[in-house]
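Down below is the structure, laid out as structure tokens.
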Amino acid sequence: MTRIARLAGLLEEPLLVAGPPYVLGGQANVRYLTGLESSNAALLVEPGGGATLYADFRYAARAREVEDVTFVETARGLLPAIAELLAGRRVGFEEAHLPFVGYRALVDAGVDAVPTAGHVESLRAVKDEGEIAAMRRASALSDEIFGALAEERFTGRTERELAWWVERGFREAGASGVSFSTVVAAGSTAGSPHAVPGDRAIEEGLLVTVDAGCVLDGYCSDCTRTFATGELAERLAEIYRVCLEAQLAGLAAVGPGVAGRDADGAARAVIEAAGFGEEFGHGLGHGVGIQIHEAPTLRQESTDVLEPGNVVSVEPGIYLPGEGGVRVEDLVLVTDAGCERLTQFSKELLTVE
Ligand code: ZN
Ligand code: ZN
């Protein structure tokens, strides 16, 4: 069954899938359903299964090639044009993606616009064979870059310099881009989970967290490794050991039928038992696919239950403000039996120069 047909099976009323131009998140669902990569397209899916694709003339040639949809070329102002065409109808819209200005265009034209959430995301959460193959390739490329990075000198270079080294490596190896700005966080910079690479030279005796991902064939990879620049103070060595143990506990917990919050809890219990519970301030992981953050989520407040075909990150971290931090992250595929690691680069603490 096509993705559009599966979506139609979830609907009680027509759903307008539309997002703001130039925001990947807004257009990711259109791309997932149609294969059309665009900054300005929308798709109306009828509960009976028919679908209409709207785009302006820049995308018209490619939009006409999309199978099983009726294509309607619109003005560049996509939503006002669609609103005119749908006047008087009751139509669902995605509350997380439609900008308010688009909503207002629908309402002003007389569309009975009804908010909906999560239909396409629930389909995207379960990857098909082609998607899994793309994510394996993206993860293999990530392994290659992390392997090469481990041979590089860290000390005396800046976090920004190494971050660019990683990003250039991805692009030169064929990636179409990075799935998020590469994080290289040394010493006290790594004491915060969302560190921004800076311009100070990396010194000896630090933990250096590198969180990086590429986009290959439209799918993201996501991997974090933490390296040591020489001999570490005992407390830094300890948080590495604890974090790795927690990550392995998280991996062991991930499997079909497991609640996202329980997978999180399995890793969190290890970190709490070691006395660092307060220093693990984020969730265990998130779904990855067309976007770097998608369903399902693995965190304490998650209501998601894992199923085969989910691709999620498993990434506990421990952050000691002013001292340093550690995070170890793999991307895994949920299988019928448990999970399979897609990122396979070594998780032993690697000492770099
Ligand atoms: Zn990451
Ligand atoms: Zn991640």
Side-chain angles (χ1 to χ4, degrees), residues 24-25 28 121 124-125 127 134-136 138-147 149-150 159 162-163 165-167 169-170 175 177-186 189-197 207-216 219-227 240 243-244 246-248 250-251 253-254 260-261 263-264 267-268 271 280-302 304 306 310-319 325-334 339-347:
L24 180 64
E121 283 77 3
R124 278 172 49 188
K127 272 67 182 174
M135 297 191 76
R136 279 188 206 287
S139 298
L141 177 53
S142 163
D143 286 344
E144 207 178 289
I145 296 297
F146 272 94
L149 178 65
E159 295 161 335
L162 283 173
W165 186 95
V166 168
E167 296 192 357
F170 278 137
V178 289
S179 47
F180 55 93
S181 288
T182 300
V183 175
V184 176
T189 311
S192 144
H194 264 214
V196 178
L207 285 172
V208 185
T209 298
V210 180
D211 190 352
C214 64
V215 181
L216 195 62
Y219 283 81
C220 297
S221 73
D222 192 3
C223 181
T224 307
R225 291 295 183 265
T226 300
F227 301 89
Y240 191 90
C243 184
L244 179 55
Q247 206 259 353
L248 296 175
L251 289 177
V254 168
R261 89 159 70 86
D264 177 287
R268 195 168 298 279
I271 292 176
F280 174 26
H282 56 76
L284 180 65
H286 53 88
V288 178
I290 292 176
Q291 288 175 278
I292 188 63
H293 287 121
E294 50 181 72
T297 58
L298 283 61
R299 52 175 186 243
Q300 287 171 296
E301 62 280 15
S302 173
D304 296 332
L306 299 173
N310 290 158
V311 175
V312 296
S313 70
V314 176
E315 51 176 309
I318 300 174
Y319 311 94
V326 55
R327 183 165 65 253
V328 178
E329 172 180 32
D330 280 316
L331 196 58
V332 305
L333 168 68
V334 179
C339 73
E340 177 198 326
R341 280 172 63 198
L342 301 182
T343 46
Q344 295 179 353
F345 182 66
S346 171
K347 290 184 286 196

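What you see below is based on every heavy atom in this structure, not just the backbone, and it leaves out hydrogens, waters and symmetry mates. Remember, it's 1-based here, ligands and their atoms both numbered in the order they're listed.
Side-chain polar atoms of T343 and S139 form no donor-acceptor pair below 3.5 angstrom.
With sequence neighbours left out, the salt bridge (Lys or Arg N to Asp or Glu O under 4.0 Å) criterion links E329 to no other residue. For E340, the salt bridge (Lys or Arg N to Asp or Glu O under 4.0 Å) partners two or more places apart in sequence, or in a different chain, are R136. In this structure D222 satisfies the salt bridge (Lys or Arg N to Asp or Glu O under 4.0 Å) test with no other residue, sequence neighbours excluded.
Around the Zn ion (ligand 2), the protein N, O or S atoms closer than 2.8 Å are D222 OD2, H286 NE2, E315 OE2, E329 OE2, listed by chain and residue number.
By the 4.5 Å heavy-atom criterion applied to side chains, V314 and L284 are counted as neighbours.
N310 contributes atom CG, which lies 7.0 Å from atom NZ of K127 (distance to the nearest 0.5 angstrom).
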